[in-house]
Student: 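The structure's right below; bear with me while I get my questions together.
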Amino acid sequence: MSKYIVSAGYDKNQNSVFLKVYDEPTQKLEEWYDFNYRSYCLTDNLDSFREIKVTEVTTVAKYDALHDNTIDLYKGTFGNSLDIKKTSFKDENFDEVMPKFWENQLKIQMSYIYDKDTKMGMPYDYQDCPHIDNDVEARTTKLLELFTEKSITKDLIRLFEYPAPNYKRASLDIEVLNEEKKIPRPEVANFPVICVCIKTLEGRRIAFVLKQPNKEFEKYPDVDELYIFTDEKDMLLALFKFIQEFPFLITFNGDGFDLMYLRNRAYRFGIQNEYIPFNISGISMYMRSTIHIDLYRFFQINAIRNYAFQGKYKDVSLDVLSKLFLKQGKLNEDKHSVGDMDYCTLINYCMRDAELTLGLTTFDDNLVMNLMTAISRISRLPIEECTRKAVGRWIASFLFYQHRQLNYLIPNPSDILEMKGHVATKAMIKGKQYEGAMVIKPKSGTPFGVQDVDCGSLYPSVIKFYNIGYATVNCPHEECKSNTFAELPHWICKKHQALESIFIGSLRDLRLGWYKKHSKDKNLTPSEKSWYKCIEQVIKVFMNASYGVFATVGGFAFGCPPVSEEIAGIGRYIIQTTAKHALEMGILVLYGDTDSLFLKEPNKEKIIELQKWVMDTYKIDLELDKEYRFMCFSSRKKNYIGVQLNGDVDIKGMTGKKSHTPIYFKNSFNEIKSILKNIQKEDEMPDAKIKIKKIALKAYKDLKERKWNNIEDLAFHMTVNKKLSDYGKKTSRTRKDGTPIYAAIPQHIRAVRLLEKEGYAMEAGSIISFVKTRNEEKVLPIELAHNQDIDVDKYIKFLDSMLGQILDPLELEMDEILGHTKLDRFC
DNA sequence: GCGGACTGCTTACCT
DNA sequence: ACAGGTAAGCAGTCCGCG
């Protein structure tokens with residue numbers, strides 16, 4: 001039983017950094033102070049400190065990786081750690097050279113963590129003394145034998161092998177008595193809080209209820225503890241005291257709503273700061289003696305959405321997520337009527353949300369909590385930070401730590417960009433920075449016997465084997481300038497290894513060499529299995545993001561576009577030369593995208609030979625990912641159907657599968673899909689084509705005759721991605737006469753506007769359902785549409801286009817199916 | 001006045 | 001504040017067209 005460091009902060013009253021520590025035996029949070037640590041920053045000019053009060057100036061030698069030399073810098077220490085903020089001034093009137101500082105942007109507690117090697121999320125016996133478990137250490141030593149790079153790898157293995165605690169926690173949800181059609185605004189908090197429900201990990205259900213003067217309790221609600229108040233202020237005070245007992249408080253949108261509302265409501269009652277447990281920082285709500293986790297923020301992080309959960313959810317809402325992960329949604333009560341509910345209904349409704357919120361942290365053996373712990377361990381960020389900051393910040397934090405450990409100077413972002421901010425290639429897409437991945441155009445047809453081979457972790461492998469990092473790309477050495485690849489204009493350092501290359505290389509090796517297989521080991525207990533699955537996913541997140549972050553200038557502390565450009569360029573080179581070699585071996589390459597090749601090659605030995613060539617040439621594992629009975633390629637890229645040997649059907653990029661496509665078309669598409677699924681051999685194709693023609697014809701005829709089950713089957717569903725006021729802005733173009741051209745208002749936004757006229761509210765992120773009609777706007781939101789409004793011709797065009805993607809490979813044509821001759825078209 | 005070439009905007013998807 | 005590449009639909013301009 002240990003203590004786990006979970007967070008860190010700075011106490012300005014005591015001018016001290018402190019750590020928040022979870023004590024496993026008592027399940028309480030402790031604080032560890034370090035009164036001796038002070039913030040500091042570096043400069044090359046003593047004059048820089050003239051206007052800023054530092055208590056001590058010393059000289060330090062730092063290794064400057066950008067210039068590959070060790071330099072002496074002045075280190076100014078601040079008596080009051082907050083004074084470091086004064087180095088970030090912007091003074092236009094500064095009449096001399098602007099003072100230049102390094103490492104003055106780090107938060108004080110983060111600087112402390114990096115300097116002291118504080119192991120976030122890891123077990124400790126007591127302050128400054130990490131817990132050592134002999135079994136885990138032995139396991140770590142044994143595992144380490146599998147790998148060549150030892151230093152970072154050993155630290156990483158420890159992070160993955162020490163167990164993660166199951167933090168004691170409770171979830172909270174509030175209900176506010178709003179007037180009809182008025183959405184309660186947390187910054188105003190003018191409506192009373194009438195119900196607060198809390199669900200604890202052990203299963204306690206607790207309700208705080210404000211009794212209305214005109215409403216009596218009908219019966220005792222289904223809770224374990226019920227606190228009834230007639231005075232709202234008393235309720236808030238009792239609630240604040242109550243929730244601080246929990247080391248972790250979980251909310252869904254507590255940052256944006258619940259906690260913000262409670263705080264501002266408390267201010268309205270004149271409750272003093274010392275009794276309000278919430279601190280606001282930016283758009284986040286932190287608690288002093290509790291860790292507040294807002295799941296809404298966490299699930300919104302793109303890396304979590306796309307890699308950890310494979311993009312299974314699109315919009316982040318409690319209802320969507322709980323249906324997906326808990327197979328249970330919110331209760332079907334109209335949100336506008338909480339005032340009309342009796343107490344039991346109100347509490348049930350509120351409690352359900354609290355339960356779902358907690359449930360999102362417990363499903364799959366606490367997967368979500370484990371993800372947070374694992375991210376925190378690698379990045380060294382406090383758990384609250386990694387649930388609120390995107391993947392670029394996780395990676396940057398890890399690199400900050402490595403810089404401090406190795407006594408590297410942390411460069412200012414502008415230092416990197418001034419030296420190597422320029423890219424050399426031209427992107428295919430207007431507005432993009434550089435040339436990215438390559439896609440091989442497929443030939444239209446239905447080839448049988450297709451193997452899909454993928455370069456395992458192509459970009460991370462490139463980073464590792466080609467030594468890519470901000471310091472090694474276009475390094476300052478004359479003798480490295482010849483070290484170029486694939487006709488790319490950048491050269492790579494031959495003298496030093498990039499930190500990024502070591503780090504991503506270690507993660508890559510650990511995943512490919514151990515955790516990918518180990519997480520599927522049958523001897524693991526369910527909770528071990530869940531933990532290792534989580535580890536594998538988190539490694540994947542760090543690896544996959546590590547290529548893109550370098551191209552996010554302004555968003556990533558080590559931003560350096562040539563790094564991403566070089567990785568993509570070498571990736572192109574590897575896949576291109578592999579395709580070429582396959583061709584030379586007589587293997588037909590049907591299609592390829594970024595790191596994959598689709599090969600028509602029934603001879604397994606030839607595939608193995610190709611794999612060997614890739615391994616020998618590039619040290620990359622060309623994995624056989626999938627085997628298809630046959631595939632349907634139109635000549636479109638990123639668009640195909642593949643029927644696997646086991647009958648599973650992969651559909652990529654096709655309109656019939658896209659989320660915005662009306663059900664009516666999806667139904668026809670799925671019928672065609674099941675025909676294809678049943679095809680075993682090539683000679684069954686003609687028969688299948690006849691069936692497919694019939695499906696196409698029926699879909700067409702039914703539309704023509706205005707036969708559909710329900711108008712909702714014809715609804716398109718589109719996300720409103722921007723604020724409504726951001727549509728229809730000036731474009732980059734002007735007319736010949738010089739007047740500006742404004743962007744057109746898209747159809748789906750016109751539908752939103754029509755809906756808003758009727759009093760519905762729509763905001764960025766919501767999905768609008770609409771049908772195509774013949775009125776002036778050419779659309780109607782589904783709520784306002786009737787069968788007679790439908791513009792059938794538009795739907796026929798859509799059907800034609802959607803089916804084209806599947807009819808092309810089958811060498812069928814819509815006109816022919818409909819019995820049209822070419823002439824008919826013009827009649 | 002209308003159709004085609006072209007551009008830009010938007011969404012959804014692929015790796 | 002990870003990236004670029006592709007498909008598709010829509011709406012607008014510009015130009016030709018006796």
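Scope of the values below: all heavy atoms of this structure, side chains included, with no hydrogens, waters or symmetry mates. Chain letters run A, B, ... following the sequence lines, proteins first, then strands; residues in each count from 1.
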Student: Applying a 4.0 Å non-hydrogen cut-off, can you work out what A/Lys426 is touching in the nucleic acid: base, sugar-phosphate, or nothing?
Tutor: nothing
Student: Which part of the nucleic acid, if any, lies within contact of A/Arg572, taking any heavy atom under 4.0 Å across all strands shown: a base, the sugar-phosphate backbone alone, or nothing?
Tutor: nothing
Student: May I ask you to list the residues of residues 547-561 of chain A, by number, that have any heavy atom positioned under 4.0 Å from an atom of DNA chain B?
Tutor: none
Student: Between C/dC10, C/dC2, C/dT6, which nucleotide has the shortest distance from any of its atoms to the side chain of A/Lys772?
Tutor: C/dC10
Student: Test for a donor-acceptor pair under 3.5 Å between the base of B/dC14 and the side chain of A/Tyr640, counting only N and O atoms.
Tutor: no
Student: For a quick check, with a 4.0 angstrom heavy-atom cut-off, what is the B/S/- contact string for nucleotides 5-10 of chain B, read 5' to 3'?
Tutor: --BSSS
Student: Which is true for A/Lys314 with a 4.0 Å heavy-atom rule: it touches a base, it touches only sugar-phosphate, or it touches nothing?
Tutor: sugar-phosphate
Student: Counting any heavy atom closer than 4.0 Å, what does A/Ser564 reach on the DNA or RNA strands: base, sugar-phosphate only, or nothing?
Tutor: nothing
Student: Look at all strands and tell whether A/Tyr434 reaches a base, only sugar-phosphate, or nothing, counting heavy atoms closer than 4.0 Å.
Tutor: sugar-phosphate
Student: Consider the side chain of A/Lys794, meaning its heavy atoms from C-beta on, and name the nucleotide among C/dC10, C/dG4, C/dG9 that approaches it most closely.
Tutor: C/dC10
Student: Students often get this wrong, so: under 4.0 angstrom with heavy atoms, is A/Lys658 touching a base, only sugar-phosphate, or nothing?
Tutor: base
Student: If you look only at pairs with a residue in residues 559-582 of chain A, which of them pass as a ring pair (Phe, Tyr, Trp, His ring centres under 6.0 Å), with sequence neighbours excluded?
Tutor: A/His581-A/Trp613
Student: Of A/Lys652 and A/Val720, whose closest DNA chain B nucleotide lies nearer the 5' terminus?
Tutor: A/Val720
Student: What's the closest nucleotide to the side chain of A/Asp593 if the choices are C/dC2, B/dT15, C/dG5?
Tutor: B/dT15
Student: What closest approach, in Å, do A/Ala498 and A/Asn467 show between heavy atoms, and which atom pair accounts for it?
Tutor: N-OD1, 2.7 Å
Student: To the nearest Å, give me how far apart CD (A/Gln747) and C1' (C/dA11) are.
Tutor: 10 Å
